[in-house]
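What follows is a single structure, written as structure tokens, with notes after it.
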Amino acid sequence: MTVRRTVFGRPLRGVAFDVAVAALVVLVSVASAVAQPGGWAATLVGVGMAVALLFRRTHPRPVTVVVAALALVQVVAEWGPLVYDVAVLIALYSMVKYGERLRDGVLAGAVAAVGVLLATAQTPGVIQWWVTALWYALVTGAVWLVALNVRTRRLYVLSLEERATTLDREREAEFRAAVAEERTRIARELHDVVAHSMAVMIVQADGARFMFDRDPGQARTAMKVVADTGRQALEEMRRLVGVLRDAGPGGADGLVVAADPEHRRLALAELPDLLARFDDAGLRVRSTVTGAPPELPPGLELTVYRVVQEALTNALKHAGVGASVEVALTYSDEAVVARVLDNGLGRPLVSPAPSGGHGLLGMRERVTVYDGSLTAGPRPVGGWQVEVRLPLPSEPATEVIAA
């Protein structure tokens, strides 16, 4: 990292250069005090110009006005062009290069042209007058054009630096947004993997505790469900951690997953096992499929799986063990519809699993990613219903999983 030293908010290198320029003007003014017209009075004019040049970068317009006024004093006094009049060219250069507007530089050039005419008017002889005027005009014009070229290059570099700074800010903002989005996705995935599995395990563990003396066989079945559910949760957690560690093309922008078998197995191909686990947990699950399942993108397929999982978990926690649940999947050319209905007639849980209140919110976020619609609420005949409609994309492609 480069540390730039400053003096009064200005780069030290620039300040040192301006001091050197001003000192040079003072030196030539003092050195020529005896020989030049006007003597020490003219020298004071040169010193005034030198002092003004110290501020040529930060205040180019006032510096140009002061130098032009002192040069006019020199012309009125008929001292003629002197050596320290190089300060006039320096002020002109600074006005064109550092002025806020280009028209300020044009105005400074016009003033310099008038100064050239006034200075050469004191030159005797017609031929010598024209030669002097042409020489001053060429020098002044060359300084003005050089300053204009440097100004254009300076503004171009400043625009590039500003653009780079803007891109850095935008990149940082996008990175922060991607990190926040990724955290939300991870939170949803953890909710699905942990909270749902824990809810099933708590229900079965409580059931086994109360049935241990009455029906040891049923208690052993419940404990087997607890173990199987725990293994399934652990497997999904390992899969999730593996995806997070994978340095794929998505980077921090999301979980970019191609249509590989592992991710496809996690979705609808594993739905019958999911229904069987909830059936073992105490729900009476009945499933129907209408239409031929099309080739779904992995992310959309996972969304359907997670929505059904969330709906069944809510049915187990709120409708209770023994409730009847109907899971219906309908496939068409335009959309896939998942519907989960329960009758709400199960046995209330003795110690229901705590709810974080993010289930419906998570489902709605998942569905929104694919421009779908979610309907959830109580049924008129009792129980609860969840219906999700997800439009099918026109072309299958690698996508970001709504984790």
Practice item. Could you walk me through whether Y98 and T58 pass the side-chain contact (heavy atoms from CB on, under 4.5 Å) test, one step at a time? Key: CA-CA 8 Å; Y98 299 110; T58 56; over 6 Å; no
Review point. Can you check side-chain contact (heavy atoms from CB on, under 4.5 Å) on V325 and D279, steps first, answer last?
Key: CA-CA 9 Å; V325 182; D279 190 78; over 6 Å; no
**Study point:** Trace of the side-chain contact (heavy atoms from CB on, under 4.5 Å) decision for L374 with V386
**Key:** CA-CA 7 Å; L374 169 67; V386 174; 3.9 Å; yes
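Proximity of V86 to V28: side-chain heavy atoms (C-beta onward) are nowhere separated by under 4.5 Å. Between L82 and P37, the closest side-chain pair of non-hydrogen atoms falls below 4.5 Å. Side-chain contact between L329 and V304: present, with at least one pair of heavy atoms (C-beta onward) separated by less than 4.5 Å. Taking the side chain as every heavy atom from C-beta outward, V76 and L118 never approach each other to under 4.5 Å. In this structure, the side chains of L392 and V336 come closer than 4.5 Å at one or more pairs of heavy atoms. By the 4.5 Å heavy-atom criterion applied to side chains, Y136 and P81 are counted as neighbours. You'll find the side chain of V83 stays beyond 4.5 Å of the side chain of Q36, heavy atoms only. Counting only heavy atoms from C-beta outward, the side chains of F278 and T313 approach each other to under 4.5 Å.
For the atom pair CG (D85) and CD (Q74), the distance works out to 4.0 Å, reported to the nearest 0.5 Å. For the atom pair CZ (R277) and CG (L312), the distance works out to 10.0 Å, reported to the nearest 0.5 Å. Here the CG-OG1 distance, from L390 to T368, works out to 10.0 Å after rounding to the nearest 0.5 Å. In this structure, CG in L53 is found 9.0 Å from OG1 in T64, a value given to the nearest 0.5 Å. Here CD of E387 is found 8.0 Å from CG of L341. Values are rounded to the nearest 0.5 Å. Atoms OG1 and CG, from T140 and L145 in turn, are 11.0 Å apart once rounded to the nearest 0.5 Å.
For W384 (side chain) and V340 (main-chain N/O), no donor-acceptor pair under 3.5 Å exists by modelled atom type. Proximity of a side-chain donor or acceptor of T120 to a complementary backbone N or O of L117 within less than 3.5 Å is detected. Within the 3.5 Å criterion, the main-chain N or O of V146 finds no donor-acceptor partner in the side chain of N149. Without hydrogens or angle criteria, R284 side chain to G322 main chain gives a donor-acceptor distance under 3.5 Å. With T43 contributing its side chain and S29 its backbone, the two residues share a donor-acceptor pair below 3.5 Å. A donor-acceptor pair under 3.5 Å is absent between the side-chain atoms of Y84 and the main chain of A50, judged by distance alone.
Classification of E172 and R176 as a salt-bridged pair holds, one side-chain N sitting under 4.0 Å from a carboxylate O. Salt-bridge annotation for D228 and R231: present, with a side-chain N of the basic residue lying under 4.0 Å from a carboxylate O of the acidic one.
More than 12 heavy atoms of other shown residues, nucleotides or ligands fall within 6.0 angstrom of atom CG in D168. By the 6.0 Å contact criterion, CZ on F55 is open, its count of non-hydrogen atoms from other residues, nucleotides or ligands being 12 or less.
Residue D104 forms a salt bridge (charged side-chain N to carboxylate O under 4.0 Å, His left out) with just one option from R151, R61, K97, and that option is R61.
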For residues 158-165, dump all side-chain donor-acceptor pairs below 3.5 Å to protein atoms at least two apart in sequence or in another chain.
{"from": "S159", "atom 1": "OG", "to": "L155", "atom 2": "O", "distance (Å)": "3.4"}
{"from": "S159", "atom 1": "OG", "to": "Y156", "atom 2": "O", "distance (Å)": "2.5"}
{"from": "T165", "atom 1": "OG1", "to": "E161", "atom 2": "O", "distance (Å)": "2.9"}

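Checked by atom type, the side-chain pair R389/S373 shows no donor-acceptor distance below 3.5 Å.
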